[in-house]
2 protein chains.
Amino acid sequence: MALFLSTFVNKVDKKGRVSVPAQFRAALADQSFNGIVAIPAFRLNAIQAFDYESMQGLSEGLDALELFSEEQASLASAIFADAHQLPFDGEGRIVLPKELAGHARITALAAFVGQGRYFEIWEPEAARTHRERSREQARRQGMTLRLHRPGDEGGGRR
Amino acid sequence: MALFLSTFVNKVDKKGRVSVPAQFRAALADQSFNGIVAIPAFRLNAIQAFDYESMQGLSEGLDALELFSEEQASLASAIFADAHQLPFDGEGRIVLPKELAGHARITALAAFVGQGRYFEIWEPEAARTHRERSREQARRQGMTLRLHRPGDEGGGRR
DNA sequence: TTATGGCATGGGAAGGCATGGGATAACATG
DNA sequence: CATGTTATCCCATGCCTTCCCATGCCATAA
């Protein structure tokens, strides 16, 4: 399964193309769709990127929710309406649509930031300050990383 | 299966024709009917569009309700009576029937809005304000995007 | 240090796609 | 039955995207 780690900064050319880091592409290799799905982040000036299968899972999971929660449905609408399906070209690049680039204030450079199961795309400087702030907040709250060991939490493996 | 993402705005010519976005047509490719099924949305000034197979599925779902029951009858007439079967022409366009265009107040431009398993057709400005409202509501309620695939609970893998 | 391959980057060219108009066929109307 | 009207088909056009090939950098290995 996809696991996105570390941060990479790549150039955006005048056609709006950016190389997706090879490491991220490798994590997406065994997908039915050769590319990513990107949506503007709600509360951040960033883009969130997922693999296609996750998006399908989301659409299927909605059937049940729609029946119960009006609000959840509205969130879903917003997500699907703003989502973009971005295929890789032969060199592993995507084109950043203007709406997405604008939302993240991306012009000449784009930072690809691993977030585990998904990744984010930022304007590099904004990514840096956001990372510092997150770090600071984590420190202040005395957060700890909890690792699962094999055998913990019956059923989960690894 | 079909997954409709993103938003596209296309022109309506004086004959009432509109191009359905190529991406949406691609999602509809492996269908028995080369076109879409469109119905006026209940609570919104918009058109809801499905692929033909989904419509069949819907009808089967209705059959499961008691035959000739009150609900079955009212639902069926609400959905199927106002439905239009809109075939693609050679260039992938549809003609918007006056009743549908009128209900969505569409004149010169039509916005195709992906909703996951189906999509909606709006007057672009109305689509924009509706989208903003949904987004704002989601943000106010502190909603977050929850990404999990079916059967994937925190920690467990695949 | 030098060679090699992977990967990011750039630009040119072909093809896809939205759009428009005219011709032809189906339909309705008097 | 004749004629006007509406809807479908077909072809033309131009922009924009994506495909393809070329280049150069960097890291790793010899």
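Sequence lines set the chain letters: A, B, ... in the order given, protein chains first and strands last, and positions in each chain run from 1.
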Please report, rounded to the nearest Å, how far the [atom2] atom of [N] is from the [atom1] atom of [X].
X: A:Phe112; N: C:dT9; atom1: CZ; atom2: C1'; result: 13 Å
X: B:Asp13; N: C:dA18; atom1: CG; atom2: P; result: 14 Å
X: B:Arg17; N: C:dC17; atom1: CZ; atom2: C1'; result: 15 Å
X: B:Arg25; N: C:dG16; atom1: CZ; atom2: P; result: 12 Å

Can [X] and [Y] be counted as an ion pair, charged N to O under 4.0 angstrom?
X: A:Asp82; Y: B:Arg131; value: yes
X: B:Arg133; Y: B:Glu136; value: no
X: A:Glu132; Y: A:Arg135; value: no

Heavy atoms only, 4.0 Å cut-off, all strands: where does [X] land among base, sugar-phosphate and nothing?
X: A:Pro21; answer: sugar-phosphate
X: B:Asp89; answer: nothing
X: A:Lys15; answer: base
X: A:Val95; answer: sugar-phosphate

Discussion item. Closest-nucleotide mapping onto DNA chain C: is B:Val12 or A:Gln23 further toward the 5' terminus? I mean the 5' end.
Written reply: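 Nearest nucleotide further toward 5': that of A:Gln23.
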
Discussion item. Judged by each residue's nearest nucleotide on DNA chain D, which is more toward the 5′ side, A:Pro87 or A:Glu91?
Written reply: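 Checking each residue's closest nucleotide, the 5'-ward one belongs to A:Pro87.
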
Side chains of [X] and [Y]: does their closest heavy-atom pair fall under 4.5 Å?
X: A:Asn10; Y: A:Pro21; value: yes
X: A:Gln115; Y: A:Gln48; value: no
X: B:Val12; Y: B:Arg17; value: no

Worksheet item: For the side chain of A:Asn10, counting heavy atoms from C-beta on, which of C:dT19, C:dG12, C:dT9 is nearest?
Response: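 From the listed options, C:dT9 comes nearest.
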
Worksheet item: Counting side-chain heavy atoms from C-beta on, which of C:dT19, C:dG11, C:dT9 comes nearest to B:Lys11?
Response: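 Among C:dT19, C:dG11, C:dT9, the one nearest the side chain of B:Lys11 is C:dT19.
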
Discussion item. Quick check for you: name the first and last nucleotides of DNA chain D, 5' to 3', having an atom under 4.0 Å from a heavy atom of chain A.
Written reply: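 In short, chain A contacts DNA chain D from D:dT18 to D:dC21.
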
Discussion item. Applying ring-ring contact (aromatic ring centres under 6.0 Å, His included), can you list everything that pairs with B:Phe88, at least two apart in sequence or on another chain?
Written reply: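 In terms of ring-ring contact (aromatic ring centres under 6.0 Å, His included), with neighbours along the sequence ignored, B:Phe88 is linked to no residue.
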
